[in-house]
Amino acid sequence: MKKLFLFTLMLFSCMTIVNAQENAEIKFDKVSHNFGTFSENDPVRECTFTFTNVGKAPLVINQAVASCGCTIPSYTKQPVAPGQKGEIKVTYNGKGKFPGHFKKTITVRTNGVPEMTRLVIEGDMTEAEAKQ
């Protein structure tokens, strides 16, 4: 009986410790950005996605990967403390791409909750006007 009591007490203690672990949690201000319409003459566009660590542990972005080479994300490399903000800057370069509508994704992986978030950029690049 004593062994059963100790085993139950240890199991309860372990469950309490596991539940007490605090996680980082990422919350983006927005997860999509529309560049609108722009000319092929000026094909480079940039935007910034801001996030906050609303969890109770430091947040680390492990990876931010774009769906194509025309889109380049750069992000905060240092851990983001609870309550602090970080950002992911995204540059889209439409040079050499066909004019028209585009929609690209950036997959962000973190040590927090959720572990993976997809950001979306889109817009319409119009054909360059011919020079006369």
Does Glu40 use its side chain to pair, donor to acceptor, with the backbone of Ala128 at less than 3.5 Å? yes
Is there a donor-acceptor pair under 3.5 Å between the side chain of Asn111 and the backbone N or O of Val60? yes
Check: Lys95 and Val44 side chains under 4.5 Å, non-hydrogen atoms: no
Testing the basics here: between Ile121 and Val90, what is the closest heavy-atom pair and its distance to 0.1 Å? CD1-CG1, 4.0 Å
So for atom NZ, which belongs to Lys30, do other residues, nucleotides or ligands contribute more than 12 heavy atoms lying within a distance under 6.0 Å? yes
Does atom CZ of Arg109 have more than 12 heavy-atom neighbours, drawn from other residues, nucleotides or ligands, at distances under 6.0 Å? no
Measure the spacing between CD1 of Ile72 and NZ of Lys104 and express it to the nearest 0.5 Å. 12.5 Å
Side chain to side chain contact (heavy atoms under 4.5 Å, CB included), that's the test. Do Lys56 and Asn23 meet it? Break it down for me. CA-CA 6 Å; Lys56 298 188 185 293; Asn23 293 324; over 6 Å; no
Are there over 12 heavy-atom neighbours, none belonging to Lys27, within less than 6.0 Å of that residue's NZ? no
What distance separates Arg45 CZ from Asn93 CG, expressed to the nearest 0.5 Å? 10.5 Å
Are Thr52 and Lys85 close enough, and set up right, to give a side chain to side chain donor-acceptor pair (under 3.5 Å), and what steps lead you there? CA-CA 4 Å; Thr52 305; Lys85 292 186 178 286; 3.0 Å; yes
What's the separation between atom NZ in Lys103 and atom OG in Ser32, rounded to the nearest 0.5 Å? 8.5 Å
Checking Thr110, Ile88, Asp29 against Phe51 for side chain to side chain contact (heavy atoms under 4.5 Å, CB included), the one that qualifies is Ile88
Would you say Gln63 has more than 12 foreign heavy atoms packed within less than 6.0 Å of its CD? yes
How long is the straight-line distance from CD of Glu127 back to CG of Asn41, given to the nearest 0.5 Å? 10.0 Å
Going hydrophobic residue to hydrophobic residue with side-chain gaps under 4.5 angstrom, can you get from Val54 over to Val108? no
Any side-chain heavy-atom pair of Pro114 and Ile26 under 4.5 Å: yes
Heavy-atom distance under 4.5 Å between the side chains of Pro43 and Lys97, does that happen here? no
Aromatic contact between Phe49 and Tyr75, with the criterion being ring centroids under 6.0 Å apart: yes or no? no
Correct closest heavy-atom pair for Gly94 and Met125 would be O-CE, 3.3 Å
Where is the tightest heavy-atom contact between Phe102 and Asp124, given as atom of each residue plus distance? CE2-N, 4.1 Å
Give a yes or no answer on whether the side chain of Thr71 reaches the backbone of Tyr92 with a donor-acceptor pair at less than 3.5 Å. no
Take atom NZ in Lys77; do more than 12 heavy atoms of anything else shown fall under 6.0 Å from it? yes
Determine whether Thr50 and Phe28 satisfy the following criterion, side chain to side chain contact (heavy atoms under 4.5 Å, CB included), listing intermediate values before the conclusion. CA-CA 6 Å; Thr50 305; Phe28 282 92; over 6 Å; no
Heavy atoms only: give me the nearest Thr126-Pro99 pair and the separation to one decimal. C-CB, 4.0 Å
Between Pro82 and Gly55, what is the shortest heavy-atom contact and its length? CB-O, 3.3 Å
Do you know the tightest heavy-atom contact between Ala57 and Ala24? O-CB, 3.4 Å
Taking it one step at a time, do His101 and Glu122 satisfy side chain to side chain contact (heavy atoms under 4.5 Å, CB included)? CA-CA 7 Å; His101 184 79; Glu122 64 181 311; 3.1 Å; yes
Give a yes or no on whether a salt bridge exists between Glu87 and Lys89, defined as a side-chain N under 4.0 angstrom from a carboxylate O. yes
Pair Gln84, Asn53 - check side chain to side chain contact (heavy atoms under 4.5 Å, CB included), show working. CA-CA 6 Å; Gln84 297 299 308; Asn53 179 1; 5.8 Å; no
Supply the atom-to-atom distance Cys47 SG to Leu119 CG, rounded to the nearest 0.5 angstrom. 8.5 Å
